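Below is one structure, written out as structure tokens; comments come after it.
Small disclaimer: the values here were computed from a predicted structure and weren't measured. What's counted below: heavy atoms across the whole structure, side chains too, no hydrogens, waters or symmetry copies.
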Amino acid sequence: MTSPTTASTDDTGSSPRRGEVLKALTGLLLALFVAMTSSTIVSVALPRIIGSLNGTQTQYTWVVTATLLAATASTPIWGKLSDLYSKKRLTQVVISVFLVGSLVSGFAQDPGQLIAARAVQGLGVGGLQALVQAVIAAMIPPKERGRYNGVLGAVMALATVSGPLLGGLVTDVSWLGWRWCFFLGVPFSAVALVVLHRTLHLPVVRGRAEVRVDYPGAVLVGTGVSVLLIWVSFVDGSFGWLSWQTAVLAGSALAILTVAVWWESRAAEPIVPLHILRQPTPALAIVASLAVGMAMFGGAVFLGQYFQVARGYDPTAAGLMMVPMMAGTLVASTVSGLLVSRTGRTKPFIVAGTLVLVTGFGVLSTLGPDTPLPVVFGGLLLVGTGVGLSMQNLVLAVQNTVALRDVGAASASVTFFRSLGGTTGIAVLGAVLDRTVDRDIAEGLAEAGIPAPATAGTSNLNLAELPEPVREIVRTAYGDATGHLFLISTAIAVVGVLAALALKPADLRTSLDLDPDHAATPGTDADPEATAPVVRG
């Protein structure tokens, strides 16, 4: 079977030399670094950004949710396109989309404009999440892929570490300011485009009969998830659980998602391939990925806010406080990648990662405004280690079970549900935080004998403009509420542990594609098709 590999791959289907692979990955890793940094660089700057734009806690959450939602909805589309068209050209397109979104975000004048621009950024991030995994899978056999996934995880961890630090420094420098958190991504994106053009050379699989992209399925899935998250964000605040708004929003979301499942089961080229998701390994990996997604995104978003609002640190110091979590991800991802390549096993590392993740969430559930910093740092280190051990290995476990022709869609599916977990987690936890903080602030003001209008017209996140007694009440409310969020996260992460334990142990294959002797029909672990001609792309 002819497989899309690098130009240096010989006729026997052997993988390219390591030096050539690293050159080809340079542009991809740089692009991924830029995309990951775009999320983390904003995490510690968000309190300052929303405060200066006089936004609300709900808008704070949606600045992050908009990016993740757009990335989540678009990831399966990019994954499917990568199975049909030039991965290199698609990657150039998504980097360009990300670049435009970064520029518009930097010029935003109110929270609404910023949320819309961040959604554009999310389209680019979703493409990079899908395409980087697909390109690596097209070049490197699963058995060898562990060490490269370790490099990939290290790059993601480096972006996660440097992002908060860079965001804090930029925000605190008076002649730069928070807008440069978005502008800084522009030159990096341009450099990534140039490097990618010069280093990445992949053949393109063409000639499949009736090439189709499931746009209706993507619209249905994206719309259903969006409506559901909008309902989660506003229920119990703007309207009640038992109200006509709940009936309309929640009912519409469930109806749309039901239609989406029906459509995907009948689509010729489904955007979310249900025959892959029905396999035990991908299904269980997706469940575990939901917990990992919540750790990746929820931790950075709400912990950055905790350090600044509840503990009173400036953005730069808040970025430094996140280092234990990022260091745990960096070390665990790199070491586990090397060990996976050596042993050919992924399950032990996935199980260990989810267990460590639950422990870390449990420690962080004790957070309050006066929690000792060593306890906080210990929890952060555990969460980061759990993410590093499990994140890339979950993708690798799924890639090992599918044919090369489906690897883009399969990888994108895991990334899709990981992003969906992060998006849903942030929306749900943000809604819980909003309600809890509002209640605690109201109770604190009443106990202090301060009239509620004392804060009218000023965002709770704009601490500099709040009177001193009110400021302390706000700090205490945010400190206590953050611990409640991680208690919820702990319960959800336990589901990830159960899914990891249920994974079937399997040796990683040493070939790029499945052995033709193991061919099977859709719905099994092998689904090879007739050979497709390869052309240069």
Q.
Nearest 0.5 angstrom please: Thr482 OG1 to Phe302 CZ, how far?
A. 8.5 Å

(Q) What I'd like to find out is whether the side chain of Trp178 reaches to under 4.5 Å of the side chain of Leu53, using heavy atoms alone. (A) yes

Q.
Using the ring-ring contact (aromatic ring centres under 6.0 Å, His included) criterion, which residues pair with Trp180? Sequence neighbours excluded.
A. Phe183

Q. Could you give the distance from CG (Leu503) to CG (Asn393), rounded to the nearest 0.5 Å?
A. 11.0 Å

(Q) Could you check whether any side-chain heavy atom of Ile49 comes within less than 4.5 Å of a side-chain heavy atom of Val63, counting everything from C-beta outward? (A) no

Q. Could you go step by step and tell me if Val94 and Leu123 meet the side-chain contact (heavy atoms from CB on, under 4.5 Å) rule?
A. CA-CA 7 Å; Val94 299; Leu123 294 176; over 6 Å; no

Q: Enumerate the residue pairs fulfilling salt bridge (Lys or Arg N to Asp or Glu O under 4.0 Å) with a member in residues 165-174, sequence neighbours excluded, ordered by first and then second residue.
A: Arg48-Asp172

Q | Considering all heavy atoms, the nearest Val34-Gly185 contact | A | CG1-O, 3.9 Å

Q) Atom CD in Gln308, atom CG in Asp314: separation rounded to 0.5 Å? A) 7.5 Å

Q.
Pairing donors with acceptors under 3.5 angstrom, does anything connect the side chains of Arg118 and Thr67?
A. yes

(Q) Measuring only between side-chain heavy atoms, which start at C-beta, is Tyr313 closer than 4.5 Å to Leu320? (A) no

Q.
Strictly distance-based, threshold 3.5 Å: is any side-chain N or O of Arg475 a donor or acceptor partner for the main-chain N or O of Arg311?
A. no

Q: Compare all side-chain heavy atoms of Thr371 with those of Tyr306 and state whether any distance is below 4.5 angstrom.
A: yes

(Q) Are the side chains of Thr37 and Phe188 in contact, using a 4.5 Å heavy-atom criterion? (A) no

Q: Using modelled atom types only, decide if a donor and an acceptor are shared between the side chain of Thr354 and the backbone of Ile350 within a distance under 3.5 Å.
A: yes

(Q) Does Val331 form a side-chain contact (heavy atoms from CB on, under 4.5 Å) with Thr385? I'd like the steps, not just the answer. (A) CA-CA 8 Å; Val331 174; Thr385 301; over 6 Å; no

Q: With the side chain counted from C-beta on, respond yes when Val383 and Leu357 share a heavy-atom pair under 4.5 Å apart, and no when they do not.
A: yes

Q: Considering non-hydrogen atoms only, spot the tightest contact between Ser105 and Ala117 and give its length.
A: OG-CB, 3.2 Å

Q. Quick one: CD on Gln305 to CD1 on Ile50, what's the gap to the nearest 0.5 Å?
A. 9.5 Å

**Q.** Nearest heavy-atom neighbours spanning Val356 and Gly386
**A.** CG1-N, 3.9 Å

Q. Under a 4.5 Å cut-off applied to non-hydrogen side-chain atoms, are Val358 and Thr490 in contact?
A. yes

**Q.** Gap between atom OG1 of Thr258 and atom CG of Leu220 - 0.5 Å precision
**A.** 11.0 Å

Q) Should we count CG of Leu373 as having more than 12 external heavy atoms under 6.0 Å? A) yes

Q. Taking side chain as C-beta onward, heavy atoms only, is Leu364 less than 4.5 Å from Leu303?
A. yes

Q: Kindly indicate, with the supporting measurements, whether the criterion side-chain contact (heavy atoms from CB on, under 4.5 Å) is fulfilled by Tyr478 and Leu433.
A: CA-CA 8 Å; Tyr478 273 96; Leu433 182 67; 4.3 Å; yes

Q) Do you know which two heavy atoms are closest between Phe307 and Met322, and how far apart they sit? A) CE1-SD, 3.9 Å

Q) Which atoms form the tightest heavy-atom contact between Phe349 and Leu339, and what is the distance? A) CZ-CB, 3.4 Å

Q. So Met321 and Phe377, side-chain contact (heavy atoms from CB on, under 4.5 Å) or not? Walk me through it.
A. CA-CA 8 Å; Met321 298 289 181; Phe377 293 156; 3.4 Å; yes

Q) Closest heavy-atom contact between Ala45 and Cys181? A) CB-SG, 3.9 Å

Q | Contacts of Asp440 that satisfy salt bridge (Lys or Arg N to Asp or Glu O under 4.0 Å) - sequence neighbours left out | A | none

(Q) Once rounded to the nearest 0.5 Å, what's the spacing between atom OG of Ser365 and atom CG of Leu367? (A) 8.0 Å

